[in-house]
There are 2 protein chains.
Amino acid sequence: MRPTLQDIASATNTSVSTVSRVLSGGTVAQRISLATRQKILQVAKKMGYQPNLIARSLRTRRTDTVGLLVSDIANPWFGQMASRIEQALHRHGYSLILCNSGEDEKVESQYLQLLAQRGIDGLIVVPLARTREALMEHLPENLPLVLLDRPIPGIAHSIASDQRQLAGQLCDTLWQVGVRQVALVCGPHHIVTHQTRASLVAERFKVIFRYEGPAQIETGRQAMVQLNCRPQAIICTNNFLGQGVIDAIDRFDKPPIIGCFDEIPLMHLMTVPVVCSNQDIPLMAEVCVDQLLMQLRGKQATSGVHTTVPIRVITNRAFREQFASTVEK
Amino acid sequence: MRPTLQDIASATNTSVSTVSRVLSGGTVAQRISLATRQKILQVAKKMGYQPNLIARSLRTRRTDTVGLLVSDIANPWFGQMASRIEQALHRHGYSLILCNSGEDEKVESQYLQLLAQRGIDGLIVVPLARTREALMEHLPENLPLVLLDRPIPGIAHSIASDQRQLAGQLCDTLWQVGVRQVALVCGPHHIVTHQTRASLVAERFKVIFRYEGPAQIETGRQAMVQLNCRPQAIICTNNFLGQGVIDAIDRFDKPPIIGCFDEIPLMHLMTVPVVCSNQDIPLMAEVCVDQLLMQLRGKQATSGVHTTVPIRVITNRAFREQFASTVEK
DNA sequence: TTGTAGGCGTTATCAC
DNA sequence: GTGATAACGCCTACAA
């Protein structure tokens with residue numbers, strides 16, 4: 001059994017409170033005589049004392065822990081995001097408990113409840129829920145909360161890229177090289193990001209083929225199997241779908257352009273023309289953590305902040321070579 | 001403030017113990033009269049009762065939580081692994097607390113200590129530490145523990161691919177197409193996986209160029225900037241290095257073959273010949289969780305198990321076309 | 001400067 | 001069947 005404050009108190013002929021004061025460090029520790037302080041520190045070290053954070057949390061009502069609930073940690077986009085968020089929080093003394101909803105509403109709800117019960121200090125979530133009620137059902141009203149990637153009306157703090165801008169620039173680039181009709185491969189329409197992107201694209205182009213499925217690589221491949229026409233471009237509403245589409249695009253002699261939301265790895269090595277509309281992951285992570293820390297520190301509910309961050313569109317070499325005449329630089 | 005057992009007890013004219021029994025469910029709940037049981041359940045629901053897991057853990061000494069400490073969650077390899085592990089654990093009623101050491105020994109040590117203090121029930125770790133002492137410094141001796149990807153002598157449970165087999169098959173494939181000398185781009189030699197892979201490769205080929213750095217994409221790119229000779233192949237000790245190398249390989253008119261440990265996304269679309277030696281992530285995750293659950297359930301220390309899982313080597317189309325004559329199928 | 005005591009919300013051991 | 005009551009390990013007034 002691990003030693004407790006009591007054990008150390010006994011071993012040093014002092015009381016738990018004295019030991020607690022010494023080991024908690026800071027100002028309180030200064031008020032203890034040097035002699036006993038040193039004795040306690042020494043014994044604590046020898047006995048290998050480690051504070052029981054569970055007991056501490058029960059008492060202090062703080063866990064120094066932030067929850068991060070994402071929809072698919074296997075997706076590098078979220079992996080990078082999680083990595084950045086974790087590092088930033090760690091710098092500020094918080095640790096992260098990461099959960100994965102897998103785009104499953106049941107699982108999401110379950111995890112939200114679990115996190116609440118575990119008494120996290122704050123929460124960052126990529127929600128599947130689309131209403132405030134659904135999201136907050138099991139959450140304490142005053143929990144510091146930041147939405148990532150998918151804003152919900154009525155919830156104050158969120159970070160996302162401007163989907164209109166993201167889609168706009170992607171479409172502009174395609175339009176400039178003559179694209180007028182496209183195939184659309186999109187994630188589930190009940191996910192707000194995919195839905196928004198799909199409809200923004202549909203505003204600009206004639207959609208002659210449409211395939212919807214889970215936002216996974218395999219879905220992109222399947223879409224290509226089903227494809228029964230010759231679109232000028234294929235637009236995918238996220239990176240995984242794009243990867244799947246590109247992966248399966250072999251069978252075309254002269255493949256259409258791939259337009260994709262989010263980054264495709266190594267795209268510039270490919271012979272298929274690709275254009276991606278990329279979000280700034282490091283910046284989003286940073287702003288996200290900043291907003292959360294804001295709430296964690298000043299308990300005052302900072303007025304609502306919906307932050308959108310800048311984006312950028314990138315084409316690969318194949319794209320630029322193929323359309324050298326129509327696109328400048 | 002959230003309602004507690006006491007609040008419900010007061011509201012129903014019962015005692016905390018009765019309420020506890022009812023709400024904990026199971027057999028104990030059966031022994032309570034139907035009338036009070038229903039009354040309590042109803043009131044609990046109306047008041048929106050949620051158990052305080054911190055208090056429960058303090059009492060029961062269980063957290064139903066497993067720690068997963070990985071070295072780089074931004075790397076999709078770990079992302080996929082984490083995803084699988086999380087799902088498997090979730091099925092068994094455990095939740096996951098994910099930490100990221102960033103290949104930093106200080107951070108790793110810090111997190112190990114933190115996890116211990118938080119009273120996790122079990123731990124899965126991709127260790128940077130290479131000795132039992134370093135790893136266990138702050139961990140309770142009897143903590144259910146599984147090492148992932150990097151075995152350590154003296155620690156009973158680990159899951160990894162057989163590096164010898166991984167390297168062997170990769171080298172065989174290259175050897176068969178005439179490769180005799182290579183450039184080696186590897187991760188830090190203090191990480192056992194990279195070190196092992198590098199030396200296994202060096203046993204088979206003449207290494208005419210060598211570049212070492214953090215196992216990140218950028219390192220691979222830099223290696224190509226430095227490259228001052230014409231190797232027959234470039235071998236990279238992980239996926240990120242491989243991605244960086246491929247990303248920067250443009251400047252070669254006739255690029256060398258890329259040999260890589262772990263998967264390169266969309267490799268078969270590339271005009272560069274690529275051969276990868278892949279690990280079976282889903283299987284590794286599954287075995288990993290199985291081994292941990294074993295320890296979590298039967299407190300008996302199952303005798304040491306070092307599991308290695310099968311691997312497979314994959315070439316891309318460019319590779320196969322280029323060497324159609326020398327390789328069958 | 002130090003000690004005593006109460007309580008955080010649960011579970012578990014007794015009694016009745 | 002149900003209710004006191006004592007932990008779990010820690011923090012923190014309040015005393016001394």
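Keep in mind that what you see is a predicted model, and the values were worked out from it rather than measured. Chain letters run A, B, ... following the sequence lines, proteins first and then strands; every chain starts at 1.
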Note to self: Could you report the tightest heavy-atom contact between L292(A) and L123(A), atom names first, then the distance?
What the structure shows: CD1-O, 3.8 Å

Next item on the list: Could you check how far CG of D7(A) sits from P of dC8(D), rounded to whole Å?
Entry: 10 Å

Check: Quick one: is S20(B) getting a side-chain N or O under 4.0 Å of the dT11(C) phosphate, OP1 or OP2?
Finding: yes

Check: With no hydrogens and no angle check, do the side chains of S83(B) and Q87(B) hold a donor and an acceptor under 3.5 Å apart?
Finding: yes

Margin query: Between R2(B) (side chain only) and Q50(B) (backbone N and O only), is there a donor and an acceptor less than 3.5 Å apart?
Written below: no

Checklist line | Closest approach of T63(A) to I120(A) (non-hydrogen atoms, all atoms of both residues) | finding: OG1-CA, 3.6 Å

Checklist line | Shortest non-hydrogen separation from S71(B) to V126(B) and the atoms involved | finding: OG-CG1, 4.2 Å

Note to self: Test your reading of the model: is there a side-chain donor-acceptor pair from R150(A) to the backbone of P127(A), 3.5 Å cut-off?
What the structure shows: yes

Next item on the list: Look at all strands and tell whether N13(B) reaches a base, only sugar-phosphate, or nothing, counting heavy atoms closer than 4.0 Å.
Entry: sugar-phosphate

Item checked: I8(A) CD1 - dC11(D) P separation (whole Å) -> 11 Å

Checklist line | Distance-only polar pair, side chains of T18(A) and S15(A), donor-acceptor under 3.5 Å | finding: yes

Check: Taking the side chain as C-beta and beyond, is there a heavy-atom pair between L293(A) and Y94(A) under 4.5 Å?
Finding: yes

Check: How long is the line joining CZ of R118(B) and C1' of dC10(D), in whole Å?
Finding: 16 Å

Item checked: Polar contact flag, side-chain donor to acceptor under 3.5 angstrom, D104(B)-Q110(B) -> no

Next item on the list: May I ask you to list the residues of residues 51-60 of chain B, by number, that have any heavy atom positioned under 4.0 Å from an atom of DNA chain D?
Entry: L58(B), R59(B)

Note to self: Is the phosphate of dT10(C) approached by Y49(B) (side-chain N or O, under 4.0 Å from OP1 or OP2)?
What the structure shows: yes

Notebook entry, point to check: Which is true for T4(A) with a 4.0 Å heavy-atom rule: it touches a base, it touches only sugar-phosphate, or it touches nothing?
Noted result: sugar-phosphate

Item checked: Whole-Å gap separating P (dT2(C)) and CG (L23(A)) -> 14 Å

Next item on the list: Write down the distance between CG (L5(A)) and P (dC8(D)), rounded to a whole number of angstrom.
Entry: 13 Å

Notebook entry, point to check: When the distance from CZ of R62(B) to P of dG9(C) is rounded to whole Å, what number comes out?
Noted result: 21 Å

For nucleotides 14-16 of chain D, list the nitrogen or oxygen atoms of the protein found under 3.5 Å from its nitrogen or oxygen atoms, one pair per line.
none

Checklist line | Residue R61(B), side-chain atoms from C-beta onward, closest of dT4(C), dA4(D), dC8(D) | finding: dC8(D)

Checklist line | Those residues of residues 24-48 of chain A lying under 4.0 Å from DNA chain D by at least one heavy atom | finding: none

Check: Under 3.5 Å, side chain of S57(A) to main-chain N/O of R62(A), donor-acceptor pair present?
Finding: yes

Margin query: Checking side-chain polar atoms at under 3.5 Å, does R118(B) have a donor or acceptor matched by the opposite partner on T65(A)?
Written below: yes

Next item on the list: Considering just the side-chain nitrogens and oxygens of S15(B), establish if one lies under 4.0 Å of OP1 or OP2 belonging to dA4(D).
Entry: no

Note to self: I want to check something: taking the side chain as every heavy atom from C-beta on, are T36(A) and V22(A) in contact at a cut-off of under 4.5 Å?
What the structure shows: no

